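A quick write-up on the structure given underneath.
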Amino acid sequence: MLQSSLEFLRCVRCGAKLELDVFLSEKEIVEGMLECKKCKLKFPIIHKIPILWDDFANYLSSRRILGGKLYNLVCSPKLKSFVKSSLSKKENDRSNLEEKWSKIYQNSKNSKFYFEVKKNLDALPSSKLVLEHGCSIGITTNHLADSNEMVFGLDRSFSALDIAKKHFKENLDYFVADSLCPVFGKLQFDLVLALNVLEIIEPRVLLKSISKQITKGHFVISDPYDFDRGPNSVKNPINESLLRINLTDLGFNVLSSTKKPSFIPWNLKLNPRATLNYKVDFVIAQKS
Ligand SMILES: C[S@@+](CC[C@H](N)C(=O)[O-])C[C@H]1O[C@@H](n2cnc3c(N)ncnc32)[C@H](O)[C@@H]1O
Ligand SMILES: [Zn+2]
């Protein structure tokens, strides 16, 4: 975590400012603890990544394997005992699933989709503050840092951000967090991205929450509308026309170049013999 990121972060439970205790620091903070000044909730920083989850034990309860890895990874005694004491609950484990998908994204970063998205992003005016929700291994986040002032990526997968963090830039930082939690309080962004997350994060709730993060600026969204996910499906799926209607209702103008739904190939290499071939819709909306 960059020291400079502290001023932007807020407690996800009560919205107060956070205090930083650094245990290990190199070019950036490698290990440390963020603590809410008001409600005293603690958020560990492990392997340069702050985990801004409302309840760290809860985060680890569905990631026991990751919990074991984090326990082995940390050096500072304070952080070791914090991870250990959070390792008591147990649910279905997401660690291997999140690691597997991080590798799939690594093997798929040359998909035409990312090329098309980067081309569209390069045509936008340079922004002061950028946020990407569900940024995974940071393919677009990292690209955005080359032409914008300060860029943040959020994802609930520690494994994905661990890969993203391999590209150090002084204006680029990542946080493990739930996109629906107010990690940045009421901070306003000039550019927000949500690429291919609408079938995983309740779409109308996410759109509303992101709308509050933009008073003046751009919102870039893509999605394959692959909502059929069994018990994990979102409650209120949307489609290409509902997405545009929702954005308009929230006060956005959909740019004329993206008014018509598009079908950009997004190929995810699952293994050497199988590829998932999506055709994704792409929208740029603006509040001015
Ligand atoms: C389908 S992937 C898309 C990754 C990336 N945006 C892209 O298009 O290459 C969805 C990503 O969203 C993350 N994610 C899912 N639910 C989330 C939540 N509630 N908060 C933050 N990230 C979430 C997942 O960990 C995953 O990395
Ligand atoms: Zn608090």
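Just so you know, ligand 1 is whichever comes first in the structure, and atom 1 is the first atom listed for that ligand. Below, each value reflects all heavy atoms present in this structure, side chains not excepted, and no hydrogens, waters or symmetry copies. All of these numbers come straight from a predicted model, not from anything done at the bench.
- Ring planes of Phe184 and Phe175: perpendicular class, angle over 60° (limits at 30 and 60°).
- Remark: minimum distance from atom 23 (C) of ligand 1 to any protein heavy atom is reached at Arg156 CG, 3.7 Å.
- In this pair, Phe189 and Phe152 present their aromatic rings perpendicular. The plane angle is above 60°, beyond the 30 to 60° band.
- Near Ser157, meaning under 4.0 Å from any of its heavy atoms, are these atoms of ligand 1: 25 (O).
- When rounded to 10 degrees, the angle formed at the Zn ion (ligand 2) by SG (Cys14) and SG (Cys11) equals 110°.
- Relative ring orientation between Tyr105 and Trp101 is described as tilted, the plane-to-plane angle lying within the 30° to 60° band.
- Aromatic ring centres of Phe219 and Phe252: separated by under 6.0 Å.
- Remark: ligand 1 atoms within the under-4.0 Å shell around heavy atoms of Ser179 are 18 (C), 20 (N), 21 (C).
- In this structure, Phe282 has its ring center no closer than 6.0 Å to that of Phe113.
- Listed by number with element, the atoms of ligand 1 under 4.0 angstrom from any heavy atom of Val197 are 10 (C), 12 (O).
- Here's the thing with Phe113: none of its N/O atoms is less than 3.5 angstrom from an N/O atom of ligand 1.
- For Cys135, no nitrogen or oxygen atom sits less than 3.5 Å from a nitrogen or oxygen atom of ligand 1, counting backbone and side chain alike.
- Ligand 1 places these atoms under 4.0 Å from at least one heavy atom of Ala177: 20 (N), 21 (C).
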